Amino acid sequence: MADNPYLAYLKSPQRGVTSSTNSDREPLFDFLSRKVKGRQVRKAMDHQLNPFTKQPHSAQYRKILEDRRVLPVYAQMDPFLKIFSKNQIMIIVGETGSGKTTQIPQFVAYSDLPHTKGKIVACTQPRRVAAMSVARRVADEMDVQLGKHVGYSIRFEDMTDPGTTFLKYMTDGVLLREAMNDKELSRYSTIILDEAHERTLATDILMGLLKDLARRRPDLKIIIMSATLDALKFQSYFSLHQPGEDPSPAPLFKVPGRTYPVEIFYTQEPEPDYVEAAIRAVLMIHRVENPGDVLLFLTGEEEIEDACRKIRLEADDLIRTNPSSVGPLMCIPLYSSLPPQQQQRIFDAAPKPIQEGYPPGRKVVVATNVAETSLTIDGIVYVVDPGFSKQKVYNPRIRVESLIVSPISKASAQQRAGRAGRTRPGKCFRLYTENDFNSGLDEQTHPEILRSNLANTVLQLAKLGIKDLVRFDYLDAPAPETLMRALELLNYLAALNDEGELTPLGSIMAEFPLDPQLAKMLIVSPEFKVSNEILTITAMLSVPTIWVRPLHQRAAADQAKTLLTVPEGDHLTMLNVYNTYLQNKSNHSWAWNNFVSARALAQAENVRAQLLGMMERFKIECISLEDERKRNLGIQQTLVRGFFMQVAHREGEAGTYLIVKDSQVVALHPSCDLDFRPEWVLFNEFVLTKRPYIRTVTAIQPEWLLEFAPAYFDLSTFPDDETKRALQRVAKKHRNSTSTRNESNKSDMRTDTQSTSAQAKPKAPKKKRNKKRRPKKGGSGLVYECTSRRQRDKSVERFSDYFDPALGFTESDYDRSD
DNA sequence: GAGCACTGC
């Protein structure tokens, strides 16, 4: 640090003494960290030299600076710097177009002078594209090379230069991951959480961490930036506690937006069929409104494709019956599972008139919620908002996340309407009554933390050193059962011990960017010598579906899939698809010819490489078994090690299944390729659509359940049904043959366990284990599961303080049916 | 015999 010219300068006795020669050479001449005034910043911005590179400013810099000067936030530089100087935490509210995302971090950099302290100013974004594109823009604005002084960091891509980068845009998830290994976030001088109103899981957890960290690190400044006016909530959450005084809310800084007015129209009566009403609204706009493109919000792919078809038909009809009254209409679907090339079509220009002098054409984009936050379409003048979207909900009782079409919030409706006023004044047609808007809609969309399975989050919190997960200072606390379910799962996976503390295994699991079940499975996979294969399967399960099934080629697609299918189950089929893809990599049409998504496979390759790097870091061997039969068996057994809580048993001959321990009746999803119906199956996913289905399914042997997860498969905790009786029969047989089988197993599959799980091996359990469990052979992953009933029940009692009787949550939900 | 709103590590 001694050779840092800025630091030397700040320490020099002449500091602050004005001298024209000094300030000519040094744009930040009289700057005092965090006491900088707007006048000083503006002068530095106008300086001939770039203060960060010492190079003369380019012509492009000056041109961009002119654009920046008209941003609403630019005019507020002085008050912003004043509040920033005086406070550790502040809240900023700025509507779209205020320029807060690009300008505030730069203002902070000029005041904080992170480069003089070897620190970084961080600005988080919920989405990767935003982090990348904003960083690129800001690098241009500051006249520096992207990845040098200004950079970004997202999964798979760290575009920063350690030691040089002092302004870093990043996804909220990346910052959360950094916090796991540096709890003080010591490299940052200021952390800005942008788009906080979106309330992503990562942002919510970060807010809790930062609130706590602010007390321990008085030198850390925190800025929460939000678009909507729920700022009051942030203000009181981050209120300041001075000793002996009442808490005062964190200071609020408001920036006006820069959008055009949007006129709102409501229906007189509620619409019984919103899709039909939406189509009518679009055609009405097309017939009677001035030129300008239309954006219609619907909920999903099927609905969108259907609506597009109908709109096109009707529009063709209109132009055929009266060609001079309306122009041609172009209808474009938009949802995220569309290939990027087709998504690009939303930027196409509206069609030209069919002949000169005839009405101009119009573009209609029919989109999901992607168009609400992620993608901005220029030129939209009319928005049609039926008021619904698909939202994730989590039901902890049945441990299932599902997508439900639900009414949107007021904030969401306002966001949608705003999309009509980006380039000129617009109109928004809401297909619900004004009364419904005022009294029927929630103010804000429920934050993600209230709608998600929190297994992953709880593991991360444990890794972050949060001792009491239930009393963590959440902005919105999740339902107690949701936390219970997460704790329960992590305990069964041996990531948390019975005291709810992180085990060494859990500590490694938390490092992997995977669901806990997948992380567990991957970490123990060398014990079965199939880690190479499990790695591939894990990567394949982490990307969107690889199967492509075009509407008009369904039979061909299904036939192609049959050729890739492995009879034992979908997991092995995925492995086969990946390997076949690698073998045919030189053939660029292979994916297309075989109806699989090249994009998803490339993503899987990427994920696989990242996970392989992490396995190396934790010295988890990547190995295969030669013999195909043994290999497949090993894979199936390893799957059980992670997913023993997701097992179903066939009921009679009808072909339906019962989820073990839950007694939930399910059917195999039609996409499953098990042509025989195995008695016992393990599934990756439970989906609740028209009926309950299990998806991505593999046949297993019931003995494995008793062997690998004895705590979970303690039959005395099971409901009295056919599944229990079947397991009892298996257990009896199992006991009779245990001694001989164990011997052969040891020599067959488990020879190298010591080396692979040396780091993951937890301390030996304190209490005596039940007899039926495997003997305490060193290194066996089984020790992770060796939790006696008594121990588990004790832990449940600890958690039971947080049950809410009003929710009808009973003891039997927690398998305490003694 | 059916579907994947949207992000993120």
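Every value quoted in this text rests on a predicted model; they were computed, and no experiment measured them. Numbers restart at 1 for each chain; the letters A, B, ... are given by sequence-line order, proteins then strands.
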Which residues pass the ring-ring contact (aromatic ring centres under 6.0 Å, His included) test with A:F595, not counting sequence neighbours?
none
Taking side chain to side chain donor-acceptor pair (under 3.5 Å) as the definition, give me every residue that meets it alongside A:Q646, ordered by chain and number, with sequence neighbours left out.
none
Can you name the residues that form a side chain to side chain donor-acceptor pair (under 3.5 Å) with A:D378, not counting sequence neighbours?
none
Where at least one partner belongs to residues 539-566 of chain A, residue pairs that pass salt bridge (charged side-chain N to carboxylate O under 4.0 Å, His left out), sequence neighbours excluded:
A:R549-A:D558, A:K561-A:D673
Which pairs count as salt bridge (charged side-chain N to carboxylate O under 4.0 Å, His left out) when at least one residue sits in residues 594-611 of chain A, sequence neighbours excluded?
A:K585-A:E605
Nucleotide by nucleotide, 5' to 3', does protein get under 4.0 Å of the base (B), only the sugar-phosphate (S), or neither (-) in nucleotides 3-9 of chain B, counting heavy atoms?
BBBSSSB
